[in-house]
Undergrad: 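Take a look at the following structure, please.
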There are 2 protein chains.
Amino acid sequence: MGAPVVSGTVVAGRSTKDAIRDAALQLFSTKGFDHSSLREVADAVGITKASLYYHYASKVDLLVAIIEPMFDEVRTQVEGLDEIAHTPENVRAVIRERLRSTLANRKVGALCMRDTVAIVNALGNRYPDLIELHHRTCRWLAGPHADADTLLRATAAMQVLSTAMMSQEIVPDTDIDHIEATLLNAALGVLYPAR
Amino acid sequence: MGAPVVSGTVVAGRSTKDAIRDAALQLFSTKGFDHSSLREVADAVGITKASLYYHYASKVDLLVAIIEPMFDEVRTQVEGLDEIAHTPENVRAVIRERLRSTLANRKVGALCMRDTVAIVNALGNRYPDLIELHHRTCRWLAGPHADADTLLRATAAMQVLSTAMMSQEIVPDTDIDHIEATLLNAALGVLYPAR
DNA sequence: GTCTATATACCGATAGAC
DNA sequence: GTCTATCGGTATATAGAC
């Protein structure tokens, strides 16, 4: 909206590019990726669609800007698993680390969880190994030479972690460390059943 | 494609209407609801888009035909919860029943899970209490006068059950009764933590 | 960097012949 | 019940002035 600009940064502290990304995340989260138009995103920011194209080359580029930081974080974590021995303490540490980044990126995570098909379709072959990264995490959690039952429980444990993305809606007045502790224990309980 | 028809039923045993529903489920599951066109559905069946409209009044009507049976099943289960005492045996029975219908409807369930935003948007106000039904289930599982921690664990337990929808991909050679037993115990473990 | 105006394409849905 | 043809709407994306 013609705000004063110094080398690409709005004086207020947030660039137009960032404002577009934030508005798009909000819109994609509520209406879905396919059902959100770039005109709506531009309206939310207070610019026109044509101006938006100055900052992002395409709708998919905008989506990538939103989710790439989280994907990179997950990728780094998963690729590091190869060097971590599968001990009970390390399993606990790995789950805790994933839980922390899930909580930190919960808004983007919820978008990916609730609009998976549309996003996967839009990204096409840009992240061909994304699902494989998730499977690798499950396989690492299950441990070497795990049987089918253990692999199923490892997948269920990962599902428990995804509860973190909805935690603000479910228990809004609970502090984040407590949520982390509860879900960590729950996931470990699924992975190592008492009975 | 002009197959002989007796009172709405193709002689082969499956009506065109059913074929459209099945093709749509397949297409919606892979490409998402918004990104799937009725032209593609019609092409998969071998008819034109106009013929499809003879069987279903709108794209949303087609979606409803796919998901309504599962929704009705869930609704019946949740509305019956009011009359069930919250005892450990009943909690186990309720989880088992939900697990069974989740497994029975896993293809439709996976569609709803992976394309939530688009489907909720398309349905609009047709099922205004759908999310509330899920919350009621979580609250019943947590029990009367439950604290925030228990409610969070009840939600996580429901997430464990959703693993059933992916079970065929994760452990394809495991029989369904074993999957049911494993996930039932996992969900109970989350709800009643040992530590 | 932002604008107006537009090219191009596909969508859901309908009309009407057969 | 299925078809061809088309309407009205909206989407992404671009051209070019300022």
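Note that the coordinates shown come from a computational prediction; the quantities given were computed from them, not determined experimentally. Lettering of chains follows the sequences in order, A, B, ..., and the numbering in each one begins at 1.
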Undergrad: Using a cut-off of less than 4.0 Å, is there contact between a side-chain N or O of A:Thr16 and OP1 or OP2 of C:dT2?
TA: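 Yes, within the criterion.
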Undergrad: Less than 4.0 angstrom between a side-chain N/O of B:Tyr53 and OP1 or OP2 of C:dA13, yes or no?
TA: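 Affirmative; the distance criterion is met.
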Undergrad: With a 6.0 Å cut-off (strictly less than), is the heavy-atom count around CD1 of B:Ile176, excluding the residue itself, greater than 12?
TA: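 Enclosed.
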Undergrad: Could you check how far CG of A:Asp34 sits from P of C:dC10, rounded to whole Å?
TA: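 Going from A:Asp34 (CG) to C:dC10 (P), I get 16 Å.
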Undergrad: Less than 4.0 angstrom between a side-chain N/O of A:Ser51 and OP1 or OP2 of C:dG1, yes or no?
TA: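 For C:dG1, OP1/OP2 do not have a side-chain N/O of A:Ser51 under 4.0 Å.
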Undergrad: According to a strict under-4.0 Å criterion, is B:Thr48 in side-chain N/O contact with OP1 or OP2 of D:dC3?
TA: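 Result: yes.
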Undergrad: Between A:Leu52 (CG) and D:dA13 (C1'), how many Å, whole number?
TA: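 Value for this atom pair: 11 Å.
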Undergrad: Could you check whether B:Asp22 pairs with B:Arg14 (Lys NZ or Arg NE/NH1/NH2 to Asp/Glu carboxylate O, under 4.0 Å)?
TA: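 A salt bridge links B:Asp22 with B:Arg14.
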Undergrad: Does C:dC11 have OP1 or OP2 sitting under 4.0 Å from an N or O in the side chain of B:His35?
TA: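 So the side-chain polar atoms of B:His35 never come under 4.0 Å of the phosphate oxygens OP1 or OP2 of C:dC11.
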Undergrad: In whole angstrom, give the distance that lies between atom CZ of B:Arg39 and atom P of C:dC10.
TA: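 So the two atoms are 9 Å apart, to the nearest Å.
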Undergrad: Could you state the atom-to-atom distance from NE2 of A:His55 to C1' of D:dT12 in whole Å?
TA: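 That distance rounds to 18 Å.
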Undergrad: Out of D:dT14, D:dA13, C:dA15, which has the shortest distance to the side chain of A:Leu38?
TA: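 Closest nucleotide to the A:Leu38 side chain: D:dA13.
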Undergrad: Without decimals, in angstroms, what is the distance between A:Ile20 CD1 and C:dG1 C1'?
TA: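 Whole-Å distance recorded here is 10 Å.
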Undergrad: Quick check: are there more than 12 heavy atoms from other residues, nucleotides or ligands sitting under 6.0 Å from CZ of B:Arg75?
TA: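 Result for CZ/B:Arg75: enclosed.
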Undergrad: Among the candidates D:dG1, D:dC3, D:dA13, find the nucleotide nearest to the side-chain atoms of A:Lys59.
TA: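 In terms of side-chain proximity for A:Lys59, the closest of D:dG1, D:dC3, D:dA13 is D:dA13.
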Undergrad: Do NZ/NE/NH1/NH2 and the carboxylate oxygens of A:Lys31 and A:Glu40 come within less than 4.0 Å?
TA: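 Looking at A:Glu40 together with A:Lys31, the answer is yes, because their closest N to O distance falls below 4.0 Å.
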Undergrad: Where the side chain of A:Ile47 is defined as all heavy atoms beyond and including C-beta, which of C:dA15, C:dT2, D:dT12 is the nearest nucleotide?
TA: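 So the nucleotide nearest the side chain must be C:dT2.
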Undergrad: From C-beta outward on B:Ser37, which listed nucleotide comes closest to its side chain: C:dG12, D:dT12, C:dG1?
TA: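 The nucleotide sitting nearest to the side chain is C:dG12.
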Undergrad: Please determine whether a side-chain nitrogen or oxygen atom of A:Tyr54 lies at a distance below 4.0 Å from atom OP1 or OP2 of C:dG1.
TA: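 It does, given that an N or O in the side chain of A:Tyr54 lies less than 4.0 Å from OP1 or OP2 of C:dG1.
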Undergrad: Report the distance from atom CG of B:Leu62 to atom P of C:dC11, rounded to the nearest whole Å.
TA: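 Rounded to whole Å, this separation is 15 Å.
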Undergrad: Output the distance between atom CD (B:Glu68) and atom CG (B:Leu123), rounded to the nearest 0.5 Å.
TA: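 Spacing of CD (B:Glu68) from CG (B:Leu123) equals 9.5 Å.
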Undergrad: Return the value, rounded to whole Å, for the distance between atom NZ of B:Lys31 and atom C1' of C:dC11.
TA: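 To the nearest whole Å, that distance equals 13 Å.
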Undergrad: Let me know the distance between NZ of A:Lys17 and P of C:dT2, rounded to the nearest Å.
TA: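 So the NZ-P distance, A:Lys17 to C:dT2, works out to 12 Å.
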